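The block underneath contains the structure these notes are about, expressed in structure tokens.
Just so you know, these numbers come straight off a predicted model, no measurement behind them. All chains are named by letter (A, B, ...) in the order of the sequence lines, taking the proteins before the strands, and each is independently numbered beginning at 1.
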2 protein chains.
Amino acid sequence: MIFTTKAEYGVRLMVELGRQSGARTATSLKVIAESEALPLAYLERIVALLKKAGLVESTRGAHGGYRLSRSPEEITMDDVILALEGSVAPMNCFVDDTDGSSRVLCSHEADAGQGCATKLLWMRVQGGVMEKLQQTTLAELVAFSHRENTPPPTERENLTHA
Amino acid sequence: MIFTTKAEYGVRLMVELGRQSGARTATSLKVIAESEALPLAYLERIVALLKKAGLVESTRGAHGGYRLSRSPEEITMDDVILALEGSVAPMNCFVDDTDGSSRVLCSHEADAGQGCATKLLWMRVQGGVMEKLQQTTLAELVAFSHRENTPPPTERENLTHA
DNA sequence: TTCAATCCTACCAACGGGGTCGGAGATGAA
DNA sequence: TTCATCTCCGACCCCGTTGGTAGGATTGAA
């Protein structure tokens with residue numbers, strides 16, 4: 001499994017906020033939890049990650065809630081996933097650097113005096129994942145989830161990316 | 001973490017067998033375990049997966065061991081990883097079908113009567129991973145791990161894929 | 001002042017990952 | 001024939017992480 005439910009729930013939460021993006025009032029977690037059938041207490045911890053990353057803003061107190069810091073078009077999913085999962089590494093020995101340029105720390109490398117046989121593969125895979133995440137905006141997911149409500153004529157073309 | 005140590009160890013094992021690809025005698029697990037500093041008993045279980053997938057052949061008894069079923073050039077890493085990990089799914093609700101065409105079974109989809117907001121994203125990510133795996137052959141990894149022994153002049157160009 | 005929200009910390013059960021152990025069947029060499 | 005190696009196979013086990021709960025403190029609108 002590449003991602004945990006943090007990513008699943010967090011992305012759904014972001015999409016939900018993206019839908020309300022035009023609204024003036026903030027959206028409470030309670031509403032989102034009910035509409036997505038997710039545990040509220042768990043969502044609280046997840047949204048904290050998104051807030052710390054500056055992706056959402058909050059207002060406390062009655063009638064408070066959350067809203068996006070930027071417009072959905074300006075939010076790419078690599079920011080979201082990185083905020084939620086911490087990093088996207090193919091293997092333990094791969095540690096993402098915070099600035100995005102993934103640095104490779106492979107403990108096996110120094111061991112036998114020979115190169116890490118899997119390094120090339122993991123680099124490519126990680127590159128492939130990050131590429132797809134960067135290419136996908138929150139706005140796309142919002143539009144896609146809308147379209148899914150009414151059975152679309154040709155949906156498959158959206159799945160493959162240019 | 002995208003992959004478990006099954007993938008890490010299994011790929012290293014395959015690379016090791018790929019190095020011995022020309023040899024007439026089979027390579028015993030014990031030799032591989034020692035040269036890669038991996039637990040032998042665990043390797044036994046891992047290589048069983050590779051054998052079941054038809055990627056390696058074995059001969060039992062004294063002086064037995066394992067060898068590749070095909071030449072390293074003919075082995076793409078998607079076969080190897082799928083044999084080791086069972087599937088490469090971004091999320092629980094994604095179930096790969098055995099024939100390669102990944103079928104999507106998302107439990108949330110039927111729930112609220114609305115489309116799965118994350119479906120588009122997970123499809124793209126999975127596609128990105130599978131693409132990279134298919135593009136990489138075992139022969140490449142063998143060559144790469146050789147080159148790493150003697151510090152290469154320009155190694156970075158190998159990491160980015162066309 | 002009351003109620004609804006965000007916030008924050010501690011706690012916990014279950015599961016899967018990452019092994020270990022012991023033995024049982026081949027099989028070539030001494 | 002016996003022995004040293006191998007592959008094979010199932011049971012077992014430790015432990016960290018995941019996924020989630022409990023309970024409260026703080027904030028702010030009505």
Side-chain angles (χ1 to χ4, degrees), chain A residues 1-13 17 20 24-34 36-53 55-67 69 84-87 89-93 107-108, chain B residues 1-13 17 20 24-34 36-53 55-67 69 81 84-93 107-108:
Chain A
M1 223 58 59
I2 300 182
F3 302 113
T4 68
T5 57
K6 278 199 186 68
E8 175 77 24
Y9 295 175
V11 169
R12 298 166 88 86
L13 195 155
L17 291 181
Q20 316 291 334
R24 195 165 308 276
T25 73
T27 309
S28 78
L29 273 196
K30 191 182 174 192
V31 169
I32 295 179
E34 284 172 354
E36 294 277 338
L38 302 177
L40 173 61
Y42 193 33
L43 265 192
E44 288 182 356
R45 289 198 349 210
I46 290 173
V47 79
L49 299 171
L50 295 170
K51 188 187 176 183
K52 194 165 63 181
L55 291 167
V56 304
E57 294 168 349
S58 67
T59 59
R60 305 185 61 171
H63 296 89
Y66 295 90
R67 77 191 70 78
S69 302
L84 291 166
E85 296 283 344
S87 71
M91 191 56 49
N92 295 333
C93 54
S107 60
H108 307 286
Chain B
M1 225 59 59
I2 299 181
F3 302 113
T4 68
T5 58
K6 277 200 187 73
E8 175 78 23
Y9 296 175
V11 170
R12 298 165 90 84
L13 195 155
L17 291 182
Q20 316 292 333
R24 196 164 309 273
T25 75
T27 310
S28 78
L29 272 196
K30 191 182 175 190
V31 169
I32 295 180
E34 282 172 355
E36 294 276 339
L38 301 178
L40 173 61
Y42 193 32
L43 266 193
E44 289 181 354
R45 292 203 343 214
I46 290 172
V47 81
L49 300 171
L50 295 170
K51 188 186 177 186
K52 194 164 62 179
L55 291 166
V56 304
E57 294 168 348
S58 66
T59 60
R60 305 184 64 169
H63 297 86
Y66 295 89
R67 79 192 68 78
S69 302
I81 296 296
L84 292 166
E85 296 283 345
S87 71
V88 179
M91 189 57 50
N92 294 333
C93 54
S107 60
H108 307 285

How far does NE2 of A/H63 sit from OG1 of A/T25, to the nearest 0.5 angstrom?
9.0 Å
Can you name the nearest heavy-atom pair linking B/V11 to B/L84, along with the distance?
N-CD1, 4.0 Å
Give me the atom names and distance for the closest heavy-atom approach of B/A26 to B/G65.
CB-C, 3.5 Å
For the helix from C/dT1-D/dA30 to C/dA30-D/dT1, figure out the bend between the end axes, five pairs an end, and round to 10 degrees.
0°
Separation between OG1 (B/T4) and CE (A/M91), nearest 0.5 Å, reads 6.5 Å
Going 5' to 3' through nucleotides 12-27 of chain D and flagging B where a protein heavy-atom sits under 4.0 Å of the base, S where only the sugar-phosphate is that close, and - otherwise, we get -------BBB----BB
Straight-line distance of A/F3 CZ to A/E8 CD, nearest 0.5 Å:
10.5 Å
To the nearest Å, how far apart are B/E34 CD and D/dT5 C1'?
13 Å
Distance-minimising heavy-atom pair for B/L17 and B/Y66
CD2-O, 3.6 Å
A/E34: which residues meet the side-chain contact (heavy atoms from CB on, under 4.5 Å) condition with it, sequence neighbours left out?
A/K30
Should B/K51 be listed as having a side-chain N or O under 4.0 Å from OP1 or OP2 of D/dC8?
yes
What pairs with A/A53 under side-chain contact (heavy atoms from CB on, under 4.5 Å), at least two apart in sequence or on another chain?
A/L55, A/A83
Rounded to the nearest 0.5 Å, how far does CD1 of A/I32 lie from CG of A/L40?
10.0 Å
Tell me, please, the opening and closing nucleotides of DNA chain C, 5' to 3', among those with an atom under 4.0 angstrom from a non-hydrogen atom of chain A.
C/dA4 to C/dA10
Between D/dC8 and B/S58, is there an OP1 or OP2 to side-chain N/O distance shorter than 4.0 Å?
yes
Taking only residues two or more places apart in sequence, or in another chain, which ones meet B/E57 in a side-chain contact (heavy atoms from CB on, under 4.5 Å)?
B/R67, B/S69
Mind calculating the distance between CD (B/E57) and P (D/dC8) to the nearest angstrom?
11 Å
